[in-house]
Amino acid sequence: MALESNFIDYVRIHCRSGKGGKGSMHLRHVKYQPNGGPDGGDGGRGGNIYLRGNHNYWTLLHLKYQRHIFAEHGGNGGRDKCHGTDGKDVYIDVPCGTVVYNAETGKFVCDVMEDGQVVMLLKGGRGGLGNFQFRTATNQAPRYAQPGEPMQEMTVILELKLLADVGLVGFPNAGKSTLLSTLSSARPKIANYPFTTLEPSLGIVAYRDNKSFVMADIPGIIEGASEGKGLGLRFLRHIERNSLLLFMVPGDTDDIKKEYNVLLNELQKFNPEMLQKHRVLAVTKCDLLDEELIEMLKETLPEDLPVVFISSVANMGLDELKDVLWRELNSESNKLQDIISSENLIHRDKDMKNKINLEGLDELDDIEELDDDDIEIEELDDFEYED
């Protein structure tokens, strides 16, 4: 990815919650009270680390150089049954559609889908009990207290998956960026060479009666993208959550159906569940074709999905395309599929075997290890906490 780009969809950070404060072991000694008894207070809890969805963010740029996020430790208990201060919680604001994985194992941790959604990432340690809590009729002056619970640490990978209604799928130079710029106010880079688009783009497409839908453009897919070739593996995840997939194949292609099947095969290898989405095929650059050739092409195209012949430059077939997209987006079968997929959303663990392809060109993935002096973990006594 170009260094001047502000679109960051992958970050890796080290998080650490706060440890619980120590309970106090103190015996009260004041004038006229020689046997004041225990008065050691409890330790405060350590700070938690939360993830919070924020619709004001659309990339992970604000977290790219924040390599360590630590919560405060809980304060120690004091005399006169003084409770230690609780550690301050840390909230990490992320854009909607952020998925979190454990960077060491690749296991799925959590998912932030909605604005304002709060998910606990790491829980702070509970504070230890002071000796005041251990007083009994037979042990009126306990001379022991608990240490606080240790903190939790984890290096996490945050991945952004764009939320859009329609996702554009096609080979490089298929006309995806041109279509997006024609139908919306988005201005992606357009040029006459492959891989012009190096980052996803979102655009709002206006429809009739003040209605609209969101369209997402991702870098071109090539054969073998699911195995890491080209830029496909880095950006294929952005169309995992689109309600509808718009396949785009140029009209001057030798075999349109073959190219469509290649694209379909790459999506199947990347995530077989993507084949359950509704699909529409757009044959682009049709201003280069005459009506007779178009009629001949219709006989060779797939019959299991709607097909539209368009030209973004000549403004040909765009109204028909929007009608087809709107109809497919609002069809009962598509709405039912969205409900089923949202209720039974299955997250796959990340394959950590091919780190280079997974991490892309992120130059900050090598997280520095913390010194042992920075971490102090105390063992807990054989005492069971009561919630």
Side-chain angles (χ1 to χ4, degrees), residues 13-30 33-53 63 66-94 100 102-105 107 109-110 112 116-156 158 367 369-387:
I13 55 179
H14 184 83
C15 299
R16 186 183 73 187
S17 63
K19 64 180 179 181
K22 301 176 182 178
S24 174
M25 198 293 295
H26 187 268
L27 299 176
R28 183 176 177 82
H29 293 289
V30 294
Q33 290 186 358
N35 298 319
D39 68 344
D42 301 340
R45 68 165 181 84
N48 303 321
I49 295 184
Y50 297 93
L51 291 173
R52 180 171 57 192
L63 298 174
Q66 196 171 355
R67 303 171 65 180
H68 299 133
I69 296 180
F70 298 154
E72 288 185 353
H73 298 312
N76 297 330
R79 57 189 299 175
D80 297 330
K81 293 177 283 187
C82 288
H83 194 286
T85 57
D86 291 336
K88 186 177 180 180
D89 296 332
V90 175
Y91 288 84
I92 306 175
D93 287 327
V94 295
V100 184
N102 187 315
E104 303 299 329
T105 63
K107 294 290 184 181
V109 178
C110 63
V112 181
Q117 178 184 355
V118 177
V119 179
M120 180 182 290
L121 182 61
L122 294 176
K123 184 177 182 180
R126 289 177 291 183
L129 300 179
N131 64 339
F132 177 77
Q133 302 286 355
F134 297 104
R135 69 195 189 286
T136 63
T138 57
N139 185 14
Q140 299 183 2
R143 285 173 167 78
Y144 52 85
Q146 280 185 323
E149 281 187 333
M151 54 211 163
Q152 296 181 4
E153 292 186 87
M154 182 166 54
T155 302
V156 296
L158 304 183
I367 302 301
E369 297 293 335
L370 294 177
D371 296 334
D372 293 339
D373 297 338
D374 296 335
I375 305 176
E376 298 177 5
I377 301 179
E378 297 178 288
E379 299 294 335
L380 291 176
D381 295 338
D382 295 330
F383 176 82
E384 295 184 357
Y385 286 88
E386 294 183 358
D387 294 332

By side-chain hydrogen bond (donor to acceptor under 3.5 Å, both in side chains) - contacts of Arg52 (at least two apart): Asp93

Indicate yes or no: at least one non-hydrogen side-chain atom of His14 is less than 4.5 angstrom from one of Ile69. no

Do Asp42 and Lys22 meet the salt-bridge criterion of a basic N to acidic O distance under 4.0 Å? no

Strictly distance-based, threshold 3.5 Å: is any side-chain N or O of Asp80 a donor or acceptor partner for the main-chain N or O of Cys82? no

Do the side chain of Gln146 and the main chain of Gly128 share a donor and acceptor less than 3.5 angstrom apart? no

May I ask you to decide if Lys19's main-chain N or O and His73's side chain share a donor-acceptor pair within less than 3.5 Å? yes

Is Asp39 reaching over with its side chain to a backbone N or O of Arg79, donor-acceptor style, under 3.5 angstrom? no

Shortest non-hydrogen separation from Ala71 to Lys88 and the atoms involved: CB-O, 4.0 Å

Side-chain contact test, heavy atoms from C-beta onward, threshold under 4.5 Å: evaluate it for Leu158 versus Val94 and give yes or no. yes

Heavy-atom closest contact (Leu27 atom, Arg143 atom, distance): CD1-NH2, 3.5 Å

Going by the angle between their ring planes, with limits at 30° and 60°, are Tyr144 and Phe134 parallel, tilted or perpendicular? tilted

CG-OH distance between Leu51 and Tyr91, expressed to the nearest 0.5 angstrom: 11.5 Å

At their closest point, which heavy atom of Arg135 faces which heavy atom of Pro38, and how far apart are they? CB-CG, 4.0 Å

Can you name the nearest heavy-atom pair linking Asn131 to His26, along with the distance? ND2-O, 3.1 Å

Given 3.5 Å as the limit, does a donor-acceptor pair link the side chain of Asp89 with the main chain of Asn48, or not? yes

Taking Asn76 for the side chain and Gly43 for the main chain, is one N or O donor matched with an acceptor at less than 3.5 Å? no

Using modelled atom types only, decide if a donor and an acceptor are shared between the side chain of Asp86 and the backbone of Arg45 within a distance under 3.5 Å. yes

Is the closest side-chain heavy-atom distance between Arg28 and Val30 below 4.5 Å? yes

Rounded to the nearest 0.5 Å, the CD1 atom of Ile49 sits from the SG atom of Cys15 at a distance of 5.0 Å

How far does OH of Tyr50 sit from CD of Gln117, to the nearest 0.5 angstrom? 14.0 Å

Which pair of heavy atoms, one from Met154 and one from Leu121, lies closest together, and at what distance? CE-CD1, 4.0 Å

Would you say the side-chain atoms of Ser17 pair up with the backbone N or O of Gln152, donor to acceptor, closer than 3.5 Å? yes

Taking every heavy atom of Ser24 against every heavy atom of Ala145, the minimum-distance pair comes out as O-CB, 3.7 Å

Enter the distance from Gln66:CD to Ile92:CD1 here, rounded to the nearest 0.5 Å. 7.5 Å

Is the backbone of Gly87 close enough, under 3.5 Å, to the side chain of Glu72 for a donor and an acceptor to pair up by distance? no

